[in-house]
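A quick write-up on the structure given underneath.
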Amino acid sequence: MPLKKLVFFYASQTISQLLNHNNLNKSQNLKLPSLEITDWSKFKHRGMLLDCCRHFFSVATIKKYLRLMSYYKMNILHWHLTEDQGWRIAIDKYPNLITKGAYRNDNNKTYGGYYSKSEMKEIVKYAKSLKINIIPEIEMPGHSQAAIAAYPHLSCTGKAYEVANDWGVFKEIYCAGNDSVFTFLESVLNEVIEIFPYEYIHIGGDEAPKYRWENCKKCQKRIAENNLRDEHELQSYFIKRISEFLKSKGKSIIGWDEILEGGLAKNAIVQSWRGTKGGIEAARSGNKVIMSPTSHAYFDYGIKTTNLEKVYSFKPLPSELSNDERKLIIGGECNVWTEHIYNEEELDSKVFPRLLAMAEVLWTNKNESDFDDFKKRLQYHYPILKIKGVDYGIEVLPCKIDVELKNKKLNIKLVKGSNDLELKYKWRNITNYIKYSENSLIENNSGDLIVQAFKAGKTYGDTISQPFKFHKAVAKTTYYNKEYSPSYPANNETSLTDAKLGTLEFRDGNWQGFWDTNIDCTIDLKEITKIEKIKTRFYQYNNSWIFFPKTINYKTSVDSLNWTKWNEVSNKQQPKDRGKIIQEFISKNSKTKARYINIQTHRLEKVPNWHEAAGSKTWLFLDEIIVE
Ligand code: ACM
Ligand code: ZN
């Protein structure tokens with residue numbers, strides 16, 4: 001693209017923004033402020049990844065996104081087109097990829113779709129007119145179950161598999177020992193190149209479990225013949241072979257930071273997603289880097305983990321790098337994975353307004369970013385986004401429900417996400433919302449606390465419903481003999497006795513996670529207490545390696561020296577049971593008087609064989625120890 005044309009294009013986008021801001025709902029006598037702008041982008045690569053595999057988005061939606069990206073001067077659509085759950089790109093040589101690979105069984109309904117070659121070419125052309133390049137992502141060697149479902153000879157086992165209809169990381173990946181896999185991929189890439197003229201092809205490379213390769217004769221033969229040390233070097237062999245092929249066609253590869261493992265292909269661009277350390281390592285070895293760390297750039301994450309301010313604070317250039325190394329950071333992307341984004345409205349609410357923050361970071365790369373100033377300017381964009389048909393989401397989690405221990409009682413407090421919000425709540429028998437103020441006292445009682453935030457008189461964000469359960473151990477001290485994970489601390493040491501119950505969303509801040517360890521903890525009730533029942537609430541979601549314990553043992557004691565064992569409680573569900581499940585492990589012992597309660601789990605030590613990612617460690621998730 002000649003630079004002059006680009007300068008005019010971005011200048012025209014600036015003028016278009018200024019016209020919109022100064023002439024809302026006017027069609028004539030448009031006014032522009034008199035001003036002078038000298039401005040240019042700091043990063044060359046200003047992208048958004050859109051996953052059209054987990055959920056499918058129409059050509060019209062993609063065009064809408066291209067227009068919006070371009071309006072905010074983003075210039076790369078990273079188009080995620082192949083996955084375990086669906087292959088979306090028509091390839092003439094392999095028709096099963098779309099007849100079989102594009103559809104999955106979703107609760108006994110067929111779900112899927114694909115883009116024809118003419119649709120993709122039309123999108124490429126449309127993007128070009130908006131000064132956006134499209135990088136197709138053709139995933140390998142992992143995330144390839146849909147292709148394997150279409151052509152079973154591509155896997156190590158050769159067995160027939162279904163297109164995945166669940167989320168997670170799957171162990172069926174392309175066989176690296178089978179030359180016909182490379183023939184397949186090269187033929188696919190030949191057709192991909194015809195559609196997408198941009199110089200880069202993204203080949204994925206992330207999350208490829210090595211379980212099949214470890215147990216495959218062909219893969220092991222390849223390792224031996226090429227003097228490779230292990231399966232990581234085999235992955236590196238795989239990526240380098242594809243990289244060489246694409247190089248012969250005048251293309252370069254981009255891969256997720258896993259492509260560093262086992263040795264990096266020479267001209268590969270690394271997209272750093274597991275933090276920035278992959279990007280740092282790649283830049284130090286002289287490779288170009290795209291930054292999209294989960295910490296700031298994952299727009300599929302909820303507003304609780306990645307609010308607008310967090311995105312705006314994104315610094316694509318790590319301070320660890322020298323000035324020369326920093327030049328290798330060509331830019332960044334926001335990643336929109338769509339496991340839990342079902343349609344365009346949900347997409348809008350996840351992407352906006354966060355895209356504006358990302359766009360500004362990648363355009364300006366400011367050292368000192370002033371979020372308040374950005375937020376003020378952002379407000380002018382909302383009416384324009386509305387006119388452009390964007391069902392934008394919220395900037396910040398509207399409310400946090402805190403419980404604090406005060407004078408041996410729990411204090412429930414609502415903390416609003418930003419000053420321009422007002423909170424109202426309903427509690428127990430109260431059916432109308434009550435305005436919340438700092439002095440509001442929410443009584444210690446069991447029930448669901450319902451909170452709604454308002455901004456300028458309108459509801460802001462979803463209604464929050466937080467269950468509370470009051471019982472004899474509430475606000476009592478927990479001693480941990482085994483530590484919880486800092487990744488899921490919930491309410492730290494008070495978590496298991498804070499009366500706040502977890503919901504089916506395991507990131508709701510109520511579930512305390514224990515990684516690769518059993519739970520062994522003791523509650524001190526501070527005085528000898530009549531106890532009839534002990535209940536623990538556990539969570540299972542096997543997609544995320546969270547399993548129920550096999551059994552739980554409860555013990556009680558008057559003096560913490562002599563202990564009485566209660567009946568062991570067994571898991572009533574199966575590790576295989578799908579979905580997000582909560583289970584109470586209840587034990588009764590009506591004659592007990594005790595001061596101390598100890599709980600110990602016996603967990604599933606290893607992810608079982610049938611699980612898609614065999615060999616990994618497991619989680620236990622617990623929210624409350626209920627004593628009655
Ligand atoms: C990724 O999020 N698996 C790149
Ligand atoms: Zn194999």
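For reference, positions follow the sequence shown, starting with 1. Small disclaimer: the values here were computed from a predicted structure and weren't measured.
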Checklist entry - In terms of side-chain geometry, is the basic nitrogen of Lys221 or Glu225 positioned less than 4.0 Å from the acidic oxygen of its partner? => result yes

Checklist entry - Can you tell which of Met291, Arg46, Gln271 makes a side-chain contact (heavy atoms from CB on, under 4.5 Å) with Glu333? => result Gln271

Next on the checklist: By the definition side-chain contact (heavy atoms from CB on, under 4.5 Å), identify the one residue from Ile89, Thr82, Leu49, Leu81 that meets it with Glu137.
Outcome noted: Leu49

Checklist entry - Which of parallel (below 30°), tilted (30 to 60°) and perpendicular (above 60°) describes Phe621 and Phe506? => result perpendicular

Item to check | Pairs touching residues 128-162 that satisfy ring pair (Phe, Tyr, Trp, His ring centres under 6.0 Å), sequence neighbours left out | outcome: Tyr94-Tyr151

Checklist entry - Does Trp213 use its side chain to pair, donor to acceptor, with the backbone of Gly177 at less than 3.5 Å? => result no

Next on the checklist: Which label fits Tyr488 and Trp619: parallel for a plane angle under 30°, tilted from 30 to 60°, or perpendicular past 60°?
Outcome noted: perpendicular

Next on the checklist: If only side-chain N and O atoms count, and only distance matters, is there a donor-acceptor pair under 3.5 Å linking Lys210 with Gln235?
Outcome noted: yes

Checklist entry - Is Lys617 paired with Glu605 through a side-chain N to carboxylate O contact shorter than 4.0 Å? => result no

Checklist entry - What do the steps show when you test Asp516 against Thr618 for side-chain contact (heavy atoms from CB on, under 4.5 Å), and what is the final call? => result CA-CA 5 Å; Asp516 195 31; Thr618 64; 5.8 Å; no

Checklist entry - ring pair (Phe, Tyr, Trp, His ring centres under 6.0 Å) with Tyr71: which residues, sequence neighbours excluded? => result none

Checklist entry - Would you say Val607 and Asn542 make side-chain contact, with heavy atoms under 4.5 Å? => result no

Checklist entry - When you check the gap from the basic side-chain N to the acidic O, do Glu191 and Lys93 get nearer than 4.0 Å? => result no

Checklist entry - What orientation do Trp273 and Trp256 show, parallel under 30°, tilted 30 to 60°, or perpendicular over 60°? => result perpendicular

Next on the checklist: Can you confirm whether more than 12 heavy atoms, excluding those of Glu162, are under 6.0 Å from its CD atom?
Outcome noted: no

Item to check | Pairing of Asp300 and Lys350 as salt bridge, 4.0 angstrom limit | outcome: no

Item to check | Heavy-atom side-chain contact between Arg326 and Ser319 under 4.5 Å | outcome: yes

Checklist entry - With a distance cut-off below 6.0 Å to the six-membered ring centre and an angular limit of 45° from the axis, does Lys63 pair with Tyr126 as a cation-pi contact? => result yes

Next on the checklist: Within the 4.5 Å heavy-atom criterion, are Ile201 and Ile254 side-chain neighbours or not?
Outcome noted: no

Item to check | Side-chain touch Phe184/Leu154, heavy atoms, less than 4.5 angstrom | outcome: yes

Item to check | Residue pair Phe182, Phe238: steps toward the ring pair (Phe, Tyr, Trp, His ring centres under 6.0 Å) verdict | outcome: CA-CA 9 Å; Phe182 291 94; Phe238 195 114; 4.8 Å; yes

Item to check | Reported CG-to-CZ distance for the pair Asn226 and Arg241, which is rounded to 0.5 angstrom | outcome: 9.0 Å

Checklist entry - So, do Phe56 and Tyr115 have ring centers that fall under 6.0 Å from each other? => result yes

Next on the checklist: I'd like to know whether Glu231 forms a side-chain hydrogen bond (donor to acceptor under 3.5 Å, both in side chains) with Gln220, so could you lay out the CA-CA distance, the side-chain angles of the two residues, the decisive distance to 0.1 Å, and finally the verdict.
Outcome noted: CA-CA 9 Å; Glu231 288 71 24; Gln220 291 306 313; 2.9 Å; yes

Item to check | Taking every non-hydrogen atom, the tightest pair across Val289 and Ala283 | outcome: CG2-N, 3.8 Å

Checklist outcome for this item: Rounded to the nearest 0.5 angstrom, the CD-CG distance for Glu346 and Asp391 is 10.0 Å

Item to check | Minimum-distance pair of heavy atoms, taken over all atoms of Ile259 and Gly204 | outcome: CG2-O, 4.0 Å

Checklist entry - Can you check whether Phe57 and Tyr65 have ring centres sitting under 6.0 Å from each other? => result no

Checklist entry - Roughly how far apart are Ile138 CD1 and Leu189 CG, rounded to 0.5 Å? => result 6.5 Å

Item to check | Ring geometry between Trp167 and His340 (parallel below 30°, tilted from 30 to 60°, perpendicular above 60°) | outcome: perpendicular

Item to check | Cys219 versus Cys175, closest heavy-atom pair with distance | outcome: SG-SG, 3.7 Å

Next on the checklist: Show the nearest heavy-atom pair for residues Ala268 and Asn287, with the distance to one decimal.
Outcome noted: O-ND2, 2.8 Å

Next on the checklist: Quick check for you: to the nearest 0.5 Å, what is the distance between Asn323 atom CG and Leu317 atom CG?
Outcome noted: 9.5 Å

Checklist entry - Can you tell which of Lys64, Arg354, Lys388 makes a salt bridge (charged side-chain N to carboxylate O under 4.0 Å, His left out) with Asp348? => result Lys64

Next on the checklist: Centre-to-centre under 6.0 Å for Trp363 and Tyr10, is that the case here?
Outcome noted: yes

Checklist entry - Got a second to check how far Glu139's CD is from Ile173's CD1, nearest 0.5 Å? => result 11.0 Å

Item to check | Shortest non-hydrogen contact between Phe9 and Ser129, atoms and distance | outcome: CE1-O, 4.0 Å

Checklist outcome for this item: Output for pair (Ile148 CD1, Ser155 OG), nearest 0.5 Å, gives 5.0 Å

Checklist entry - Relative to each other, are the rings of Phe547 and Trp610 parallel, tilted or perpendicular (30° and 60° limits)? => result perpendicular

Next on the checklist: Check this for me, if you would: do Asp51 and Arg88 make a salt bridge, where the nitrogen-to-carboxylate-oxygen distance has to be below 4.0 angstrom?
Outcome noted: no

Item to check | Aromatic centroids of His296 and Tyr312 separated by under 6.0 Å | outcome: no

Checklist entry - Does OH belonging to Tyr114 count more than 12 external heavy atoms closer than 6.0 Å? => result no

Checklist entry - Parallel, tilted or perpendicular for Trp545 and His611, by the 30°/60° rule? => result tilted

Checklist entry - Would you call Lys171 and Asp84 a salt bridge, taking side-chain N to carboxylate O under 4.0 Å as the test? => result no

Checklist entry - How far apart are the closest heavy atoms of Val390 and Leu68, and which atoms are they? => result CG2-CD1, 3.6 Å

Next on the checklist: Just by distance, no angles: are the side chains of Gln85 and Arg104 close enough, under 3.5 Å, to form a donor-acceptor pair?
Outcome noted: no

Item to check | Ionic contact status for Glu233 with Arg229, cut-off 4.0 Å | outcome: yes

Checklist entry - With side chains defined as the heavy atoms from C-beta onward, is the minimum distance between Leu604 and Lys550 less than 4.5 Å? => result yes

Checklist entry - Do Glu119 and Ser116 come close enough that some side-chain heavy atom pair is under 4.5 Å? => result yes

Checklist entry - Are any non-hydrogen side-chain atoms of Ser41 and Leu362 less than 4.5 angstrom apart? => result no

Checklist entry - Salt bridge or not for Asp106 and Lys109, using N-O below 4.0 Å? => result no

Checklist entry - What residues, two or more places apart in sequence or in another chain, satisfy ring pair (Phe, Tyr, Trp, His ring centres under 6.0 Å) together with Tyr237? => result none

Checklist entry - Can Arg212 and Glu172 be counted as an ion pair, charged N to O under 4.0 angstrom? => result yes

Item to check | More than 12 heavy atoms from other groups under 6.0 Å of NZ on Lys288 | outcome: no

Checklist entry - Looking at side-chain heavy atoms only, is the closest gap between Leu50 and Leu77 below 4.5 Å? => result yes

Checklist entry - Once the angle between the rings of Phe196 and Trp79 is folded into 0 to 90°, is it parallel (under 30°), tilted (30 to 60°) or perpendicular (over 60°)? => result perpendicular

Item to check | Salt-bridge contact Lys304-Asp508 (side-chain N to carboxylate O under 4.0 Å) | outcome: no

